[in-house]
Amino acid sequence: MRRILFAGMSLATVAVAAENATWQYNLPDTGVAPSYAAATVISQMGERHGGSKLGMQTFELTLPLSDPRRTSYGNWYINAQLDLRLSLLQTEGNLYLEHDEMYSGSLPITMIRNFASGNRLSVTVAPAVASDFGGTNHFFDVVGGSTYTVKHSDSFSYSVGVGVSPRFATHAVVPMFGFSWQPNEMWDVSLRFYKLSAMYKVNERLAVGPFLSGYNHSWMVNTERGDKIFRFRSLVAGVTGEYDFSRAGQRKRIITASVGSAVATTAQFCNRTADKDAVESHHYKPGIYLSVGVDFRF
């Protein structure tokens, strides 16, 4: 009886909280205009032990669908956006693709809860598609994840969480970890989205520094053996720069530029079954990595 009474009181509390929660929705002041755009080039690379070559150019665009500072439900802020990506692959030799154009799109919706301690909880759900659209099926997925960020001090914070990708990732659930550390006023060391960087503040607008990052993409593609997952994985090392060109009173507007090397790259065709076994693998020598972008998402 006590359990039933407690459950009833809990449900009543949730219902009252839901009734009292207020909803507000606003677009950014710029409307549905691109808030992020980038172009990345990896030069054509020769296979380490084989006769194929592989290169890639990727173009990315983000369209905001809400202003997370002015869109909320109760104590939760909401960010929604449309992420689009086009990848053009150049292949030669025994790496054969029916189509060289790969398309990706996702609609991530993120709920963000800020706490008085400075900690933050975020939960993301994102319908996503990734395919060459050459007659393939099974190119739809629902990915997501959740992270909890702990503000340890004004100079150090860290986050832990999980990422979920049932269809395309090798493992459906993977742990995530990140941090941000400012050892002094000139340096910012961080690990975000599998990118480790150390940025030196040259002046109020310019920062430069080395980085080490994973650069990974997956698509469902059509092959003679049926629909397969084509997975591109690369470890990139180089130097990146950020320049803030915002005027007084504006939020950050940053131009980014990176140059480096795709140190180790692997391309695989994998089964779309639960175990994601690779049926064909290619490993490539280092190639040149170049990337430029503009970011208004701050």
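For reference, positions follow the sequence shown, starting with 1.
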- request: Go through E280 and R225 one step at a time and tell me if the salt bridge (charged side-chain N to carboxylate O under 4.0 Å, His left out) criterion holds.
  value: CA-CA 11 Å; E280 181 182 331; R225 296 165 290 189; 2.9 Å; yes

task: Mind running side chain to side chain contact (heavy atoms under 4.5 Å, CB included) on D132 and E101 for me, showing each step along the way?
output: CA-CA 6 Å; D132 62 357; E101 299 85 14; over 6 Å; no

- request: Dump the intermediate steps for side-chain hydrogen bond (donor to acceptor under 3.5 Å, both in side chains) on T147 and S122, then the final yes or no.
  value: CA-CA 5 Å; T147 60; S122 66; 2.8 Å; yes

- request: Walk me through it: do H282 and R48 pass the test side-chain hydrogen bond (donor to acceptor under 3.5 Å, both in side chains)?
  value: CA-CA 8 Å; H282 302 267; R48 291 184 181 274; over 6 Å; no

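Residues I78 and I112 form no side-chain contact, since every pair of their non-hydrogen atoms from C-beta on lies 4.5 Å or further apart. Residues Y215 and H217 form a side-chain contact, since some pair of their non-hydrogen atoms from C-beta on lies under 4.5 Å apart. Side chains of Y289 and V259 form no contact here, defined as non-hydrogen atoms less than 4.5 Å apart. Using a 4.5 Å heavy-atom cutoff, the side chains of T265 and M45 are in contact. Side-chain contact between M199 and T240: present, with at least one pair of heavy atoms (C-beta onward) separated by less than 4.5 Å. Counting heavy atoms from C-beta on, the side chains of I109 and V125 never come closer than 4.5 Å. Looking only at side-chain heavy atoms (C-beta outward), Q268 and R233 come within less than 4.5 Å of each other. Residues Q57 and I42 form no side-chain contact, since every pair of their non-hydrogen atoms from C-beta on lies 4.5 Å or further apart.
Summarising the local packing, NE2 of H152 is surrounded by 12 or fewer heavy atoms from other residues, nucleotides or ligands at distances under 6.0 Å. The 12-atom threshold is exceeded at CG of N203, counting heavy atoms of other residues, nucleotides or ligands nearer than 6.0 Å. Residue-environment remark: CH2 (W181) stays at or below the threshold of 12 foreign heavy atoms within 6.0 Å. By the 6.0 Å contact criterion, CD on E204 is open, its count of non-hydrogen atoms from other residues, nucleotides or ligands being 12 or less. L235 CG: more than 12 foreign heavy atoms inside a 6.0 Å radius. R113 CZ: more than 12 foreign heavy atoms inside a 6.0 Å radius. Other residues, nucleotides and ligands contribute at most 12 non-hydrogen atoms within 6.0 Å of the NZ atom of K53.
Heavy atoms only, all atoms of each residue included: A172 and P166 are closest at CB-CA, 4.1 Å.
Side-chain heavy atoms closer than 4.5 Å link hydrophobic residues (I, L, V, M, F, W, Y) into clusters, and following such links, even through other members, never connects F59 to Y36. Transitive grouping of hydrophobic side chains (ILVMFWY, heavy atoms separated by less than 4.5 Å) keeps Y77 and L27 in distinct clusters. Hydrophobic clustering, with ILVMFWY side chains joined whenever heavy atoms are under 4.5 angstrom apart, groups F133 together with M220. No continuous path of ILVMFWY side-chain contacts below 4.5 Å connects Y194 to F179, so the two sit in separate hydrophobic clusters.
Taking the six-membered ring where tryptophan is involved, the planes of F245 and F296 are perpendicular, since the angle between them exceeds 60° and thus also 30°.
Atom-to-atom distance recorded for S52:OG and L95:CG is 5.0 Å, nearest 0.5 angstrom. For the atom pair CG of L89 and CD of Q44, the computed distance is 10.5 Å after rounding to the nearest 0.5 Å.
Within the cation-pi definition used here (under 6.0 Å to the ring centroid, within 45° of the axis), K195 qualifies as a partner of F211.
Of the options D83, V142, D141, V143, a side chain to side chain contact (heavy atoms under 4.5 Å, CB included) to S106 is made by D83 and by none of the others.
Side-chain contact of N79 with Q81: a donor-acceptor pair under 3.5 Å is present, judged by distance alone. S180 and Q182 share a side-chain donor-acceptor pair at under 3.5 Å.
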